[in-house]
Amino acid sequence: MRERFDVLVVGAGSAGCVVASRLSEDAACSVGLIEAGGMPDDPDIADPAKWTALPGRAFDWAYRTVPQPFTANRVHDWPRGRLVGGSSCLHAMAYVRGHPSDFEPWRAAGGDRWSYEGLLAGFRRSEAVIDAATGSREGDGPLDVYLPTEQVNPVVRAYMAAGNALGVPRIESHNGPELIGTCANALNIRKGRRLSVADAYLPEEVLQRPNLTLLTDHLVERIVVDGSRARVLEVVADNRRRQLHADRVVLCAGAIESPLLLMRSGIGNKDVLSDVGIDVTVERNGVGANLQDHLLVMGNVYRSARKIPPSRLQHSESLMYLDSTDLAATSGRPDIVLACVVAPSAAEGFHIPEYGQAFTILCGITHPTSRGRILPSGPRLSDPPIIDPEYLSTEQDRATLRAALRTARMIGAHPALDEWRDAEVLPGPQKSSDADLDAFIAQTVSTHHHPAGTCRMGNEDDAVVDAELRLKELENLFVVDASVMPTLPSGPINASTVALAETWSALDPK
């Protein structure tokens with residue numbers, strides 16, 4: 001088995017699939033792609049309607065946070081994909097680039113290539129936009145961006161109409177110059193099936209390239225650093241250790257595993273590492289810090305006046321991005337988001353109607369100011385991470401999420417939904433004060449599955465990677481995944497993760 005490569009890519013998730021596919025287009029470059037899990041083999045992964053049932057299965061890392069003081073001291077499940085395709089095999093398939101101004105902090109951190117304009121070529125290189133109304137196809141990228149029409153559920157149509165009646169603009173897509181407004185979600189679906197990033201970027205003809213080696217069920221224990229270079233990856237497979245050598249190492253393991261691997265390898269904050277018995281090789285204080293995640297309130301539930309037809313897509317069919325201070329705003333960066341789910345969707349412990357007898361409006365904030373951290377609990381692969389997102393630790397986040405919930409209820413009570421709405425079930429009509437809403441939010445808020453920021457790009461001393469996404473102090477170690485994002489974009493992060501990986505791959509610093 002091959003043990004030396006020009007490039008070793010760690011993690012076959014959304015970023016790793018892109019990087020391995022693009023770098024291996026050069027037949028002279030030998031690429032090894034290392035994945036902790038296996039190939040997808042559960043048929044439910046491909047069914048867009050079954051994504052909510054995937055967490056907790058064998059291919060889920062099944063992370064958990066520490067108790068969160070501002071969410072009723074709850075421990076939150078953090079599903080992440082442990083298989084080829086990563087979390088793009090588990091997510092809700094919504095494709096949202098983000099608002100152009102979302103990327104201004106990226107520009108400040110790394111220059112113009114990380115601005116929206118700089119990333120635009122990466123977005124476009126990845127995309128093939130499929131319009132269901134016309135059958136047209138725009139772009140020749142490997143990742144289908146499907147725009148549904150007649151498949152959109154009538155409850156979702158009524159929800160969008162309620163927003164429009166309150167002044168919310170109707171937009172053509174979440175991937176244009178403006179994000180504020182409402183439309184049906186663009187989805188990574190091809191011919192009625194989920195299209196993971198692995199499906200798009202690692203089809204059989206790519207996997208058969210003689211210069212690309214996919215190593216599944218391989219866990220990277222640590223990176224061996226020699227001077228200013230990463231020389232060796234120590235990996236475990238079939239209960240055996242082996243060493244892999246590379247001229248360059250690219251971490252694409254995500255916002256949890258990338259910083260954990262660095263810290264297990266002695267790269268991080270000296271005090272943090274020494275506390276858990278890890279010797280420091282490279283002191284880099286920002287590793288594991290700056291953790292960010294979107295939250296959703298689960299949820300503003302309505303009992304239906306008549307049977308709701310099942311979703312023909314993936315249940316959550318329309319995101320509505322808004323300025324909470326002016327629902328009629330037509331431009332600018334949104335601060336809240338709503339989502340209509342054609343099913344009852346609530347946190348554990350709440351009684352809700354049966355499927356087909358309720359719909360839900362979820363709500364969240366787009367740019368949380370709370371910052372958490374990822375820490376190792378020990379030096380071994382088997383030592384679980386300490387995940388502390390510090391959810392809702394700022395008053396700004398708590399106030400904005402309260403405004404989002406009030407906006408959701410305003411939409412839910414609008415006459416445009418009269419034919420579908422019987423009565424509000426959650427939070428319940430009697431719950432209206434700030435204290436009531438804060439308590440409900442604390443008991444029901446959940447991850448939107450968008451962790452980022454733990455190996456952030458920047459010029460500051462505590463930033464982890466530079467403008468080329470090279471780990472500071474090391475010549476040949478790069479981090480290319482959501483962990484390098486200085487801040488979250490407004491929406492789901494898969495689209496921007498793919499664009500980031502496309503942009504870096506085109507740059508391909510040596």
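His448 meets the ring pair (Phe, Tyr, Trp, His ring centres under 6.0 Å) test with His450; sequence neighbours excluded. Residues satisfying the salt bridge (charged side-chain N to carboxylate O under 4.0 Å, His left out) test with Glu178, not counting sequence neighbours, are none. Considering only residues two or more places apart in sequence or on other chains, Asp217 meets the side-chain hydrogen bond (donor to acceptor under 3.5 Å, both in side chains) condition with none of them. With sequence neighbours excluded, no residue forms a side-chain hydrogen bond (donor to acceptor under 3.5 Å, both in side chains) with Ser377. For Arg107, the salt bridge (charged side-chain N to carboxylate O under 4.0 Å, His left out) partners two or more places apart in sequence, or in a different chain, are Glu104, Asp112, Glu117. Taking the salt bridge (charged side-chain N to carboxylate O under 4.0 Å, His left out) definition, one finds that Glu205 meets it with nothing, sequence neighbours left out. Residues that satisfy the salt bridge (charged side-chain N to carboxylate O under 4.0 Å, His left out) test with Asp335, not counting sequence neighbours, are absent from this structure. Under the side-chain hydrogen bond (donor to acceptor under 3.5 Å, both in side chains) criterion, Arg284 pairs with Glu473, sequence neighbours left out.
The shortest distance between side-chain heavy atoms of Val479 and Leu469 does not fall below 4.5 Å. Residues Thr497 and Leu500 are not in side-chain contact: their nearest non-hydrogen atoms beyond the backbone lie 4.5 Å or more apart. The side-chain heavy atoms of Cys340 and Glu317, taken from C-beta on, include no pair separated by under 4.5 Å. At a threshold of 4.5 Å between non-hydrogen side-chain atoms, the residues Leu375 and Asp388 do not count as touching. Within the 4.5 Å cutoff, the side chain of Ser318 has heavy atoms near those of the Thr182 side chain. No side-chain heavy atom of Leu322 sits under 4.5 Å from any side-chain heavy atom of Pro334. Side-chain contact between Arg64 and Ile387 is absent, with no heavy atoms from C-beta onward closer than 4.5 Å. A heavy-atom distance below 4.5 Å is not found between the side chains of Thr65 and Thr447.
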From CA spacing to verdict: ring-ring contact (aromatic ring centres under 6.0 Å, His included), Tyr321, His174: CA-CA 9 Å; Tyr321 290 95; His174 290 126; 5.5 Å; yes

Test log, rule salt bridge (charged side-chain N to carboxylate O under 4.0 Å, His left out), inputs Arg193 and Asp47: CA-CA 6 Å; Arg193 295 168 60 87; Asp47 186 340; over 6 Å; no

Salt bridge (charged side-chain N to carboxylate O under 4.0 Å, His left out) assessment of Glu390 paired with Arg373: CA-CA 8 Å; Glu390 294 197 22; Arg373 63 192 58 79; 2.6 Å; yes

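Using modelled atom types, one side-chain atom of Trp504 and one backbone atom of Glu468 make a donor-acceptor pair closer than 3.5 Å. Thr360 places a side-chain N or O within 3.5 Å of a backbone atom of Ala343 that can act as its donor or acceptor partner. The closest donor-acceptor contact from the side chain of Asn459 to the backbone of Gly110 lies at 3.5 Å or more, if one exists at all. Side-chain atoms of Thr281 come within 3.5 Å of backbone atoms of Gly266 as a donor-acceptor pair (strictly under, hydrogens ignored). When atom types are taken as modelled, the side chain of Asp6 and the backbone of Ser30 share a donor-acceptor pair closer than 3.5 angstrom. Remark: the backbone N or O of Leu90 is not paired with any side-chain donor or acceptor of Ser87 at under 3.5 angstrom. In this structure, Arg456 contributes its side chain and Ala289 its backbone to no donor-acceptor pair below 3.5 Å. The backbone N or O of Asn175 sits less than 3.5 Å from a side-chain atom of Arg97, completing a donor-acceptor pair. Counting only distance, with no hydrogens or angles, the side chain of Asp397 and the backbone of Pro368 share no donor-acceptor pair below 3.5 Å. Of the possible polar contacts, one joining the Asn188 side chain to the Asp144 backbone as a donor-acceptor pair under 3.5 Å is found.
For residues 289-298, no residue pair satisfies the salt bridge (charged side-chain N to carboxylate O under 4.0 Å, His left out) rule, not counting sequence neighbours. Note on residues 41-64: pairs passing ring-ring contact (aromatic ring centres under 6.0 Å, His included), not counting sequence neighbours, are Trp61-Tyr63. Pairs of residues two or more places apart, or lying in two chains, that qualify as side-chain hydrogen bond (donor to acceptor under 3.5 Å, both in side chains) and include a residue from residues 260-269 are Asn269-Asn285.
Here the CG atom belonging to Leu119 is positioned 11.0 Å from the CG atom belonging to Asp102, to the nearest 0.5 angstrom. Remark: Glu221 CD to Gln243 CD distance equals 11.0 Å, nearest 0.5 Å. Residue Ile34 holds its CD1 atom at 10.0 Å from CG of Leu214, rounded to the nearest 0.5 Å. A distance of 9.0 Å separates CG of Leu338 from CG of Leu362, quoted to the nearest 0.5 Å. The OG atom of Ser483 sits 11.0 Å away from atom CG of Leu261, with the distance rounded to the nearest 0.5 Å. In this structure, the separation between CD on Glu502 and CZ on Arg22 is 4.0 Å, given to the nearest 0.5 Å.
Residues Asp131 and Arg137 are not paired through a salt bridge, judged by the lack of any N-O separation under 4.0 Å between the basic side chain and the carboxylate. Remark: Glu204 does not engage Arg209 in a salt bridge, criterion side-chain N to carboxylate O under 4.0 Å. Taking a cutoff of 4.0 Å between a charged side-chain nitrogen and a carboxylate oxygen, Arg380 and Asp383 qualify as a salt bridge.
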Side-chain donor-acceptor pairs of residues 228-238 under 3.5 Å, sequence neighbours excluded:
unit_1 : atom_1 : unit_2 : atom_2 : d
Ser228 : OG     : Glu475 : OE2    : 2.9
Arg229 : NH1    : Glu475 : OE1    : 3.2
Arg229 : NH2    : Asp247 : O      : 3.1
Glu234 : OE1    : Arg222 : NE     : 3.0
Glu234 : OE2    : Arg222 : NH2    : 3.4

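The only option from Leu143, Ile130, Leu195 that meets the side chain to side chain contact (heavy atoms under 4.5 Å, CB included) definition with Arg190 turns out to be Leu195.
With hydrogens and angles left out, the side-chain atoms of Asn185 and Gln314 include no donor and acceptor closer than 3.5 Å. At a cut-off of 3.5 Å, with distance as the only test, a side-chain donor of His367 or Ser490 sits close to an acceptor on the other residue. A donor atom on one side chain and an acceptor atom on the other are found under 3.5 Å apart for Asp481 and Ser258. In the model, His218 has a side-chain atom that pairs as donor or acceptor with a side-chain atom of Arg242 under 3.5 Å.
Scanning all heavy atoms of the two residues, the minimum distance from Tyr146 to Ile189 falls at CB-O, 3.6 Å.
Classification of the Phe123-Tyr116 ring pair by plane angle, with boundaries at 30° and 60°, yields tilted.
For His245 and Phe5, the ring centers are positioned 6.0 Å apart or more.
Residue Arg4 qualifies as open at atom CZ: its count of foreign heavy atoms under 6.0 Å is 12 or below.
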